[in-house]
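Below is one structure, written out as structure tokens, with a few remarks after it.
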Amino acid sequence: MNPQNNAEIPNIPPIFLKPFSAQDYENKLYAMWENSGYFNPDVCIEKGITASDAETFSIVMPPPNANGSLHAGHALFVTIQDIMIRYARMQGKRTLWLPGADHAGFETQVVYEKKLEKEGRSRFTMDPKDLYKEIMDFTLSNKSFMEGQIRALGASCDWSRALFTLDDRVIKTVYDTFLQLEKDNLLYRGARIVNWCSKHQTSLSNLETEHIERVDKFYYFQYGPFVIGTARPETKFGDKYVVMHPDDAQYAQYTHGQQIELEWINGPITATVIKDEAGDPEMGSGAMTITPWHSGIDFQVAKRHNLDYEQIINWQGKLLPIAGEFTGMNIKEAREKIVEKLAEKGLLVRVDENYTHSVPCCYKCDREIEPQIRAQWFVKTKPLAEKAVAAVNAKAFSFSTDRDERVFRDWMDKIEDWNISRQVIWGIPIPAKICVDCDAGMVDLANTVTECTACGGTVVADPDTFDTWFSSGQWPLATLNYPDSTDFKNYYPTSVMETGKDIIFFWVARMIMLGLYRTGNVPFKYVYLHGMVRDKHGKKMSKSKGNVIAPSEIQDKYGTDALRMALMVNNAPGSDMNLDPDKVNAYKKFANKIWNITRFVLSSTEEYQPNAPFTETDAEIINTILTAQITEISSLMDNNRFDLASERIYHFVWTYFADELIEASKPLLASTDVKVVQSQKRLLVTHLITSLKVLHPYMPFITEAIWQELPAEMKDSDMIMVAKWPGSK
RNA sequence: GCGCGAUUAGCUCAGUUGGUAGAGCAGUUCAUUUACACUGAAAAGGUCGGGGGUUCGAGCCCCUCAUCGCGCACCA
């Protein structure tokens, strides 16, 4: 290219004389948008951009964790939601996208604990208040960093309404719900088997565990006249009940409650026969001993027959004094030694070396979960789940794919009570007193409870915090300021909940249950779930594999618009996608193509007349081809098929506009017939404006950068962000 | 165990109600003061995992098998 030639063309703003460079524009343009106030629907109404009676479109943003950098999944969700929002805003809807930041309780505490570990410190030796303050400082500094990255992705969200999950309003909402649940008898505190992580020293919900398949040894021991099997000999010290199925013929001679003297690990014991349907005649010998404190099934058996419970393993994963000589040993090292001792005593029958089973582990540290009995707060979820299923039956909300709805229903059908207590510092304190003499708990928002209402015993403040998902589950209520705000009236239920399919149970299901519970209405009408972003070969991104693609690096190299397009094109809703830098590069080229299309159009449209009459041919192109293409694109967008719409737009701009229309225009522009030339100029400008508009939701920066350089007579608005979508009123 | 998904060009993936397949990247040939080389033109490349069925017609619907992946939940 020879700049001198171009410099002679008066119509081209100088910026078009070099290739598009995203870095030169993005920050400035975002600041311009943000300063305009147009992210805020109230401002749009004030300034006459949006009609005051316009249809609303609202999204509550899933608040990113304020504990680190954004990853590719964040870039994907920001892109999808921003496309929805920008499209709605251009259609003249009253459009709200409400951002936030998540303190992310346990998650953040784990991140912070790793930091402490590196510094040779531990949360267990710290004053809880100091720890809380340190994590707060850490989180707040990360929060502003994270919000900067959201801005860099082009998110046109209303920062004036931003909320943090530890803000007073959130806490008030959560406390109100907690109290309401108690009043409605949907809340209880009781000793139940919980998933205990002995590294993180907290209980976890079932969803916070993952099952890891392992091959372990499976031992058979002589237990009096019975042979019992176990993979966990270290729990067997207290086993004094032997359970068999009531109908198991091989044990017909034994009666329920019968006592048997037998030799066991640390000497003679008296065992009691329990007939219970938990015993499976097909499994092993059909007889089993139970450890009610450390097994869910055993706990149920013990509950049914009112048996004793005894803790064998302490909270740190070490054996308690009941283990005799093994007291204080870590369960892993104790296992082999216990087996050795049983073998010496002649009680080891045989060992199955290839026992394959999956064991529940902490999803953060992979350490085996130790089931423990602990008094915790539980929400009775069945009544809440029934309402949620009724709502989906009544089509009060729907999912982007049928399979998501099936997955949702499946989980709702077999939902169990939800443990909402966590032994975590970094979270919202549970506003309750707990009894030190029994397991009772009393909701105590006003701090007036002085003794146990169940036993009259001494009470203390509950040291626990809420499961983050309990508060996140009320996020739409808190952000829209339930119950009396105008935002709540205007925007609840929101139009769309867009989030990752991996948190359909953690978050989406909980928001539906709690939203329905508090307001009687679903929190959103449509659930769009995106898949995971993987590396270019479909592998999960992880630091250890070294295949993590940081959005900020991609943005620096190729531009944010290119990243956004790469994330959208051919990425079907709900399925995982692979992010290949080569694909991003393809859309960087596309950005430059748009740049040069503009340059050509501007350089060819001196003395452009906005009202020049179209020739018959050109009118035909406008009325049929252009209209048809835009209708199709809008229709795909209305159906949330941004993957298909973006590909269509790409070809509309490159294949049709650039390769066909512009090439065809070259001889026509050279025509001696002024009418043909003027019509052609108007045709090119019309296509340019239309292209920029339909591209804008996907590639907001370059389209706005160009828009700002266009002569006033070509455009219908100062900013393309609030320009009218083609075909909309 | 229960449930779900995938299998389409060398690679990574699209394909909305059934009408003999599309993109990006890679590769082939040609074009060089062209709006744009971050380019253009042209061609090449797939019996849509195997088998069976429904249909005038199947990548798409049904059955079955195989392989890969995911979710949930158990286990003495």
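Naming convention: chains lettered A, B, ... in sequence-line order (proteins, then strands); numbering from 1 in each chain. Worth saying up front: this structure is predicted, and the values here are computed from it rather than measured.
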Which whole-number value in Å describes the distance from [X] [atom1] to [N] [atom2]?
| X | N | atom1 | atom2 | result |
| --- | --- | --- | --- | --- |
| A:Y219 | B:C75 | OH | C1' | 17 Å |
| A:I212 | B:C75 | CD1 | C1' | 17 Å |
| A:L529 | B:G5 | CG | C1' | 14 Å |
| A:R534 | B:C11 | CZ | C1' | 17 Å |
| A:H211 | B:C2 | NE2 | P | 16 Å |
| A:D502 | B:C4 | CG | C1' | 15 Å |

Fill in: Toward the 5' end of RNA chain B, by each residue's nearest nucleotide, A:F20 or A:K414
A:F20
Discussion item. If you assign A:K236 and A:R403 each to the RNA chain B nucleotide with the nearest heavy atom, which residue ends up on the more 5' nucleotide?
Written reply: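 Nearest nucleotide further toward 5': that of A:R403.
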Over all strands shown, is [X] touching base, sugar-phosphate only, or nothing at heavy-atom distances under 4.0 angstrom?
| X | result |
| --- | --- |
| A:R232 | nothing |
| A:I504 | nothing |
| A:A566 | nothing |
| A:S575 | sugar-phosphate |

Counting only side-chain nitrogens and oxygens, does [X] get under 4.0 Å of the OP1 or OP2 atom of [N]?
| X | N | value |
| --- | --- | --- |
| A:K589 | B:U39 | yes |
| A:T655 | B:A23 | no |
| A:W411 | B:G3 | no |
| A:R641 | B:A14 | no |
| A:N592 | B:C36 | no |

Counting side-chain heavy atoms from C-beta on, which of [options] comes nearest to [X]?
| X | options | result |
| --- | --- | --- |
| A:N206 | B:A73, B:A14, B:A23 | B:A73 |
| A:N578 | B:G15, B:C13, B:C36 | B:C13 |
| A:F600 | B:C25, B:A35, B:C13 | B:A35 |
| A:Y355 | B:A14, B:A76, B:A35 | B:A76 |

Discussion item. When you measure from the side chain of A:N585 to the backbone of A:P581, do you find a donor-acceptor pair of N or O atoms at a distance under 3.5 Å?
Written reply: no
Quick check: any donor-acceptor pair below 3.5 Å linking the side-chain of [X] to the base of [N]?
| X | N | result |
| --- | --- | --- |
| A:K666 | B:A35 | yes |
| A:S358 | B:C75 | yes |
| A:K593 | B:C36 | yes |

Worksheet entry | Side chains of A:D618 and A:Q680, donor plus acceptor under 3.5 Å | yes
Discussion item. Quick check on side chain to side chain contact (heavy atoms under 4.5 Å, CB included): which of A:T381, A:V389, A:N206, A:L384 does A:I415 satisfy it with?
Written reply: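 With A:I415 as partner, side chain to side chain contact (heavy atoms under 4.5 Å, CB included) holds for just one option, A:T381.
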Discussion item. Among A:L692, A:I702, A:T598, which residue satisfies the side chain to side chain contact (heavy atoms under 4.5 Å, CB included) criterion with A:W707?
Written reply: A:L692
Discussion item. The test is salt bridge (charged side-chain N to carboxylate O under 4.0 Å, His left out); show your working for A:R409 and A:E405 and say whether it passes.
Written reply: CA-CA 6 Å; A:R409 285 175 182 279; A:E405 185 179 319; 3.1 Å; yes
For [N], the Watson-Crick or wobble partner whose two distances fall under 3.5 Å:
| N | answer |
| --- | --- |
| B:A76 | none |
| B:U12 | B:A23 |
| B:U67 | B:A6 |

Worksheet item: So which of A:Y241, A:Y251, A:W264 actually passes ring-ring contact (aromatic ring centres under 6.0 Å, His included) with A:F226?
Response: A:Y251
